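Below you'll find the structure, written out as structure tokens, and then a few comments.
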Amino acid sequence: MSEKEIVLSGIRATGNLHLGNYYGALSKFVKMQNDYDCLFFIADLHALTTSPDPDALHENVKNILAEYLAAGIDPEKATIFVQSDVPEISEMYLLLNMHVGIGELMRTASFKDKARKQLGLTDNGDDIEKQIIGTDSNKRVNAGLLTYPTLMAVDILIQKAHKVPVGKDQEQHLELTRRFARRFNSFYGVDLFPEPENFNFGGHAVKVPGLDGSGKMGKSEGNCIYLVDEEKVLRKKVMRAVTDEGPKELNQPLSQPVENLLTLMELTSTPEIVQSYRDAYADCSIRYGDLKKQLAEDILKVTTPIRERYQDIRSDDAYISRVVRQGAERARERAARTLAEVRQAMGIRKF
Ligand code: TRP
């Protein structure tokens with residue numbers, strides 16, 4: 001076995017990857033794979049908690065795999081796999097659930113959010129528990145959604161990962177994972193699971209803003225630039241990005257929409273270019289058309305090679321299946337070892 005620390009991260013199979021995924025995760029994974037024992041996987045079972053169309057699910061898994069590979073994740077360095085290819089995960093999920101409280105799952109923020117959406121509730125009232133229990137079967141909250149954190153904990157614990165690079169929104173799930181690891185270890189008097197920590201490779205987390213002038217870039221916000229956006233589409237999106245009416249006074253503070261565009265520019269352009277637009281805002285000579293043209297140009301420099309590689313990989317089914325088969329084999333080897341230990345600890349033993 002290797003001596004390197006184990007890094008593991010997963011992404012739900014729900015749609016294409018955007019610049020936020022790239023700068024927040026993918027570009028860091030590409031660096032991590034040189035220094036750590038990395039496992040990156042597509043969480044297709046987690047995607048089932050929000051009932052995707054079966055054909056769309058399979059396409060999404062393939063798209064994300066091709067995007068990972070196109071962005072530079074190297075299957076010779078890192079283990080790339082699909083969650084459902086590792087049946088040991090499903091078995092351990094059942095076993096770990098015996099040590100997880102319904103209450104602690106129901107208190108999870110992401111569960112409350114998604115349950116509210118599934119029930120079509122808009123308010124933030126506290127009676128969500130009553131609504132869940134009392135609701136008729138047409139509008140149900142599925143049990144898979146409730147146990148989402150168990151499944152995620154198993155993804156991590158079954159590989160005995162030390163470091164888990166995830167965004168802020170996943171911090172609570174990671175906290176639960178640590179709690180479950182401690183609980184299991186102490187209940188059975190074993191030392192099976194390390195407590196995984198969040199991993200921010202190279203310092204602070206980057207927040208990638210969207211093009212709508214408000215928050216973070218996100219799939220559900222409709223404010224995304226996708227890695228595989230065609231050149232024309234990408235340019236159009238950037239040219240339509242929200243700005244403001246232009247600075248009215250010298251040295252006035254940046255408005256949020258313009259700050260957002262400059263943040264995107266900081267990720268993709270040179271510091272000199274960014275500074276020149278900051279200066280132009282300060283002295284009121286800024287022209288948003290120029291800023292956007294420059295921004296689109298610089299984003300394309302990042303995404304075009306990825307998109308081109310993506311197109312080649314996406315149409316090479318044989319290559320994709322070779323990669324996932326090899327990944328599954330490696331992931332299963334470790335998973336099977338851990339599962340055997342878990343079964344042993346819990347008293348499920350061979351006759
Ligand atoms: N829940 C994560 C997300 O939505 C995806 C995920 C599933 C994951 N299993 C994981 C991330 C294990 C890290 C480790 O982003």
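One-based numbering along the sequence shown. Just so you know, ligand 1 is whichever comes first in the structure, and atom 1 is the first atom listed for that ligand. Small disclaimer: the values here were computed from a predicted structure and weren't measured.
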K207 atom NZ, over 12 foreign heavy atoms within 6.0 Å: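 Open.
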
K232, NZ atom: more than 12 neighbouring heavy atoms under 6.0 Å: no

Can you sort out which atoms of ligand 1 are near [X], meaning under 4.0 Å from one of its heavy atoms?
{"X": "Y148", "answer": "1 (N), 2 (C), 3 (C), 4 (O)"}
{"X": "I156", "answer": "12 (C), 14 (C)"}
{"X": "L8", "answer": "12 (C), 14 (C)"}
{"X": "H46", "answer": "7 (C), 9 (N)"}
{"X": "V166", "answer": "11 (C), 13 (C)"}
{"X": "F41", "answer": "9 (N), 10 (C), 12 (C)"}
{"X": "V164", "answer": "13 (C), 14 (C)"}

Ion pair [X]/[Y], N-O distance below 4.0 Å:
{"X": "D37", "Y": "R334", "answer": "yes"}
{"X": "R325", "Y": "E329", "answer": "no"}
{"X": "E221", "Y": "K216", "answer": "no"}
{"X": "E171", "Y": "R178", "answer": "yes"}

Looking only at protein heavy atoms, identify the closest one to [atom] and say how far it is in Å.
{"atom": "atom 9 (N) of ligand 1", "result": "D155 OD2, 2.7 Å"}
{"atom": "atom 5 (C) of ligand 1", "result": "G10 O, 3.6 Å"}
{"atom": "atom 2 (C) of ligand 1", "result": "Q170 OE1, 3.3 Å"}

Minimum side-chain heavy-atom gap I73-F40 below 4.5 Å: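 Sidechains of F40 and I73: in contact.
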
